[in-house]
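Quick one: this structure, given as structure tokens, is what I'll be asking you about.
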Amino acid sequence: MKYGKKIWMNGKLVPFKDANVHVLTHALHYSTAVFEGIRCYNTPKGSAIFRLKEHIDRLFNSAKLYSMKMDYSKKQISNAIIKTVRTSGLKECYIRPIAYCGVGAVGLTPPLDNIDVSIACWEWKIGESKAGKYSGAKCKISSWIRIDSRSQPMKSKAAANYSNAALARVEALKQGYDEAIMLNYDGKIAEGSAENIFIVNDAQIITPPLTSGVLEGITRDSIIRIIKENGGHVIETDIEKEDLYAAEEVFMTGTAAEVKSVTRVDNVRIGNGKPGKVTKALQKSFKKVSIGEDERFLSWLTYLK
Ligand SMILES: Cc1ncc(COP(=O)(O)O)c(C=O)c1O
């Protein structure tokens with residue numbers, strides 16, 4: 001992995017090797033951290049960060065839901081992200097801002113007015129994927145149920161959500177699959193361990209509603225808007241396990257995954273076992289949008305120059 005040379009920590013750019021935290025950092029013990037995953041794309045007009053405003057808004061909302069007091073404004077964090085990417089020397093990267101409870105009295109009560117923030121980035125090229133994005137991922141319906149908002153605020157992209165997701169991911173990988181799909185407590189399809197999910201059936205594109213307990217994915221929103229702008233629409237409704245097995249196409253969306261085709265769920269082949277037409281068209285459209293080749297969505301890009 002090629003990392004940016006410097007990491008922004010509480011207002012300073014520090015060399016990669018010095019960007020360390022204390023072992024008594026509260027977040028390390030109690031998962032009191034919220035974070036974002038953002039992409040910067042190499043476009044014909046230079047590097048551009050995708051939907052920076054929406055990611056910043058979600059980061060601050062995530063912190064608010066955990067009563068974490070941010071010492072920086074949205075503008076300061078946006079500028080810090082831009083500065084970190086500029087300094088990195090990377091044209092195309094994944095950006096990881098994280099806000100976390102720092103060192104305080106050790107114990108469960110979080111030091112909510114001692115929030116550290118750091119921003120790192122590393123090289124990640126458009127379309128780059130190991131997990132079957134274009135060839136078709138094999139997914140397993142997880143035996144782990146997606147935790148939901150009755151237990152903790154799932155609108156928050158919090159580290160605390162990810163032990164559940166990581167259990168599902170590891171279970172799937174150990175059994176030879178590429179990714180997990182999680183059901184919610186009502187037995188409906190929720191999401192992947194790090195992606196939202198869509199199915200295509202009878203020319204309808206369907207995704208679980210936000211009330212199903214899924215993360216309000218920014219790529220999910222981008223795809224819904226691209227489909228709408230192109231004259232189509234997405235139905236947000238509960239999806240049963242059997243709808244997934246019977247679907248003509250299944251795809252997942254996420255900042256890392258972009259638009260990932262799914263061609264097998266458990267032992268069931270989806271459609272003809274190859275990435276479907278709608279999925280491939282959306283992969284193309286999303287790529288155009290992310291590199292600024294679709295005028296209608298230029299406002300989603302923050303150019304670094
Ligand atoms: C659980 C979960 N669902 C969905 C997503 C997709 O969200 P986004 O498109 O904002 O990256 C992610 C990505 O981080 C995730 O972790």
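Excluded from the calculations below are hydrogen atoms, water molecules and symmetry mates; all remaining heavy atoms, backbone and side chain alike, are included. Counting starts at 1 for both ligands and their atoms, following the listed order.
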Matching residue for Arg146 among Asn184, Asn164, Asn161 - test: side chain to side chain donor-acceptor pair (under 3.5 Å): Asn164
For a quick check under 3.5 Å, do Glu171 and Ser142 share a side-chain donor-acceptor pair by atom type? yes
If you count the atoms of ligand 1 from 1 in the order shown, which ones are under 4.0 Å from a heavy atom of Arg146? 1 (C)
Checking the N or O distance criterion of under 3.5 Å, is ligand 1 in contact with Gly37? no
Quick one, Arg39 with Glu258, criterion salt bridge (Lys or Arg N to Asp or Glu O under 4.0 Å). Give me CA distance, side-chain angles, the key distance, then yes/no. CA-CA 10 Å; Arg39 288 264 208 162; Glu258 297 169 320; 3.5 Å; yes
Is there a polar contact, in the sense of an N or O pair closer than 3.5 Å, between Arg58 and ligand 1? yes
Salt bridge check: are Arg51 and Glu36 linked by an N-O gap of less than 4.0 Å? no
Return the closest protein heavy atom for atom 3 (N) of ligand 1 as residue, atom name and distance. Glu191 OE1, 2.6 Å
Can you find a non-hydrogen atom of Asn196 under 4.0 Å from ligand 1? yes
protein heavy-atom neighbour closest to atom 9 (O) of ligand 1 works out as Thr219 OG1, 2.6 Å
Just to confirm my output: which protein heavy-atom neighbour is closest to atom 16 (O) of ligand 1, and how far is it? Tyr162 OH, 2.4 Å
Atom 12 (C) of ligand 1 has as its nearest protein heavy atom Ala194 O, 3.2 Å
Give the ring-plane orientation class for Phe251 versus Phe198, where under 30° counts as parallel, over 60° as perpendicular and anything between as tilted. parallel
Start with the C-alpha distance between Asn10 and Asp116, add both sets of side-chain angles, then the distance that settles side chain to side chain donor-acceptor pair (under 3.5 Å), and finish with yes or no. CA-CA 6 Å; Asn10 295 327; Asp116 291 325; 3.0 Å; yes
Going by the angle between their ring planes, with limits at 30° and 60°, are Tyr94 and Trp124 parallel, tilted or perpendicular? tilted
Does at least one non-hydrogen atom of Ala256 fall below 4.0 angstrom from an atom of ligand 1? no
Going by the angle between their ring planes, with limits at 30° and 60°, are Phe286 and Phe50 parallel, tilted or perpendicular? perpendicular
What protein heavy atom is closest to atom 11 (O) of ligand 1, reported as residue, atom name and distance in Å? Thr255 OG1, 2.6 Å
Please report which non-hydrogen protein atom sits nearest to atom 7 (O) of ligand 1, along with the residue it belongs to and the distance in Å to one decimal place. Gly217 CA, 3.4 Å
Logged contact type for Ala165 with ligand 1, heavy-atom cut-off 4.0 Å, is neither
Using non-hydrogen atoms of the residue, decide whether Lys157 is closer than 4.0 angstrom to ligand 1. yes
For the residue pair Glu179 / Ser193, report whether a side-chain donor-acceptor contact shorter than 3.5 Å exists. yes
For Gly254, the atoms of ligand 1 under 4.0 Å from one of its heavy atoms are 6 (C), 9 (O), 11 (O)
